[in-house]
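The structure is given below, and queries will be raised subsequently.
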Amino acid sequence: MSKRLSNAARAAAFAQQTGEVFLTLVEIEHDDLDAPIRLVDNTEDVTSNGNVHVACGFSVPMADDSADSLARTRMTIDNVDQALTVAIRSVRRTPKPTVTLSVVLASSPDTIEFGPFTYFVNSIAYDAHSVTMDLSYEDILNERFHRVFMTPVGFPGLFKQ
């Protein structure tokens, strides 16, 4: 995961005015899909690292980077041509679909400036106007720490008095 911005991205971010445009690339993957669904928040398609991302309106705020909770966010995609709804209906809920977010500059789409961030889709809702997905990282905070339990049967030396 890249947290260092390129010189061009840093200059664009700190400039009072710039011609640079930051684009968010989205890749939705699942075993049931023939190919990943790739989207970009732009008015025209963008090719990044050999993959074509289709222009589509969507919003996805970056998740909070808090140490005591899992990062969560909600992605809303405009459901203009209904193709996304058809693809979502074909996907089983187990395993969960994944969504990968990356930020690039329009002038250099092969350089990932921020990300990639891979989220699991917890829930999906859709209607005639939009598709909404609740995203979060894998819930590692509730995983067991050890596979081996320290019990008197397995480790009698620990329990001698």
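For the single chain, residues carry numbers from 1 onward in sequence order.
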(message) To check you understand the geometry: which heavy-atom pair defines the closest contact between Glu113 and Leu105, and what is its length?
(response) OE2-CD1, 3.9 Å

(message) Rounded at 0.5 Å granularity, tell me how far OG1 in Thr111 sits from CG in Leu5.
(response) 11.5 Å

(request) For residues Val52 and Arg38, report the shortest heavy-atom separation together with the two atoms involved. (result) O-CB, 3.6 Å

(request) Taking side-chain contact (heavy atoms from CB on, under 4.5 Å) as the test, write out the residues that go with Asp127, two or more places apart. (result) His129, Ser130

(request) Using atom types as modelled and distance alone, determine if a side-chain donor or acceptor of Thr73 lies under 3.5 Å from a backbone N or O of Pro61. (result) yes

(request) Give, for atom CD1 of Ile77 and atom CG of Leu84, the distance between the pair rounded to the nearest 0.5 Å. (result) 5.0 Å

(message) Would you compute the distance between atom CZ of Arg74 and atom OG of Ser136 and round it to the nearest 0.5 angstrom?
(response) 12.0 Å

(message) Using ring centroids (six-membered ring only for Trp), state whether Phe120 and Tyr137 fall under 6.0 Å.
(response) no

(message) Can a side-chain donor-acceptor contact be found between Thr100 and Thr118 if the only test is distance below 3.5 angstrom?
(response) yes

(request) Give, for atom CG of Asp41 and atom CG of Leu101, the distance between the pair rounded to the nearest 0.5 Å. (result) 10.0 Å

(request) Indicate whether any N or O donor in one side chain lies under 3.5 Å from an N or O acceptor in the other, for Asp32 and Ser90. (result) no

(message) For the backbone of Pro95 and the side chain of His30, can you confirm whether one donor and one acceptor N or O come within less than 3.5 Å of each other?
(response) yes

(request) For residues Ala55 and Asp45, report the shortest heavy-atom separation together with the two atoms involved. (result) N-OD1, 2.8 Å

(message) I'd like to know whether Leu25 forms a side chain to side chain contact (heavy atoms under 4.5 Å, CB included) with Glu27, so could you lay out the CA-CA distance, the side-chain angles of the two residues, the decisive distance to 0.1 Å, and finally the verdict.
(response) CA-CA 7 Å; Leu25 305 177; Glu27 189 168 301; over 6 Å; no

(message) For Ser59 and Met75: C-alpha separation, side-chain torsions, deciding distance, then whether side chain to side chain contact (heavy atoms under 4.5 Å, CB included) applies.
(response) CA-CA 6 Å; Ser59 67; Met75 179 175 177; over 6 Å; no

(request) Provide the closest heavy-atom pair for Ala12 versus Phe22 in the form atom of the first, atom of the second, distance. (result) CB-CE1, 4.2 Å

(request) Kindly compute the distance separating CG (Asn42) from CZ (Phe58), expressed to the nearest 0.5 Å. (result) 9.5 Å

(request) Report the distance from atom CG of Asp110 to atom OG of Ser48, rounding to the nearest 0.5 Å. (result) 5.0 Å

(message) Can you confirm whether Val26 sits close enough to Val99 that some side-chain heavy atom of one is under 4.5 Å from a side-chain heavy atom of the other?
(response) yes

(message) So, applying side-chain contact (heavy atoms from CB on, under 4.5 Å) with Pro97, which one of Asn122, Val121, Leu33, Leu135 is it?
(response) Val121

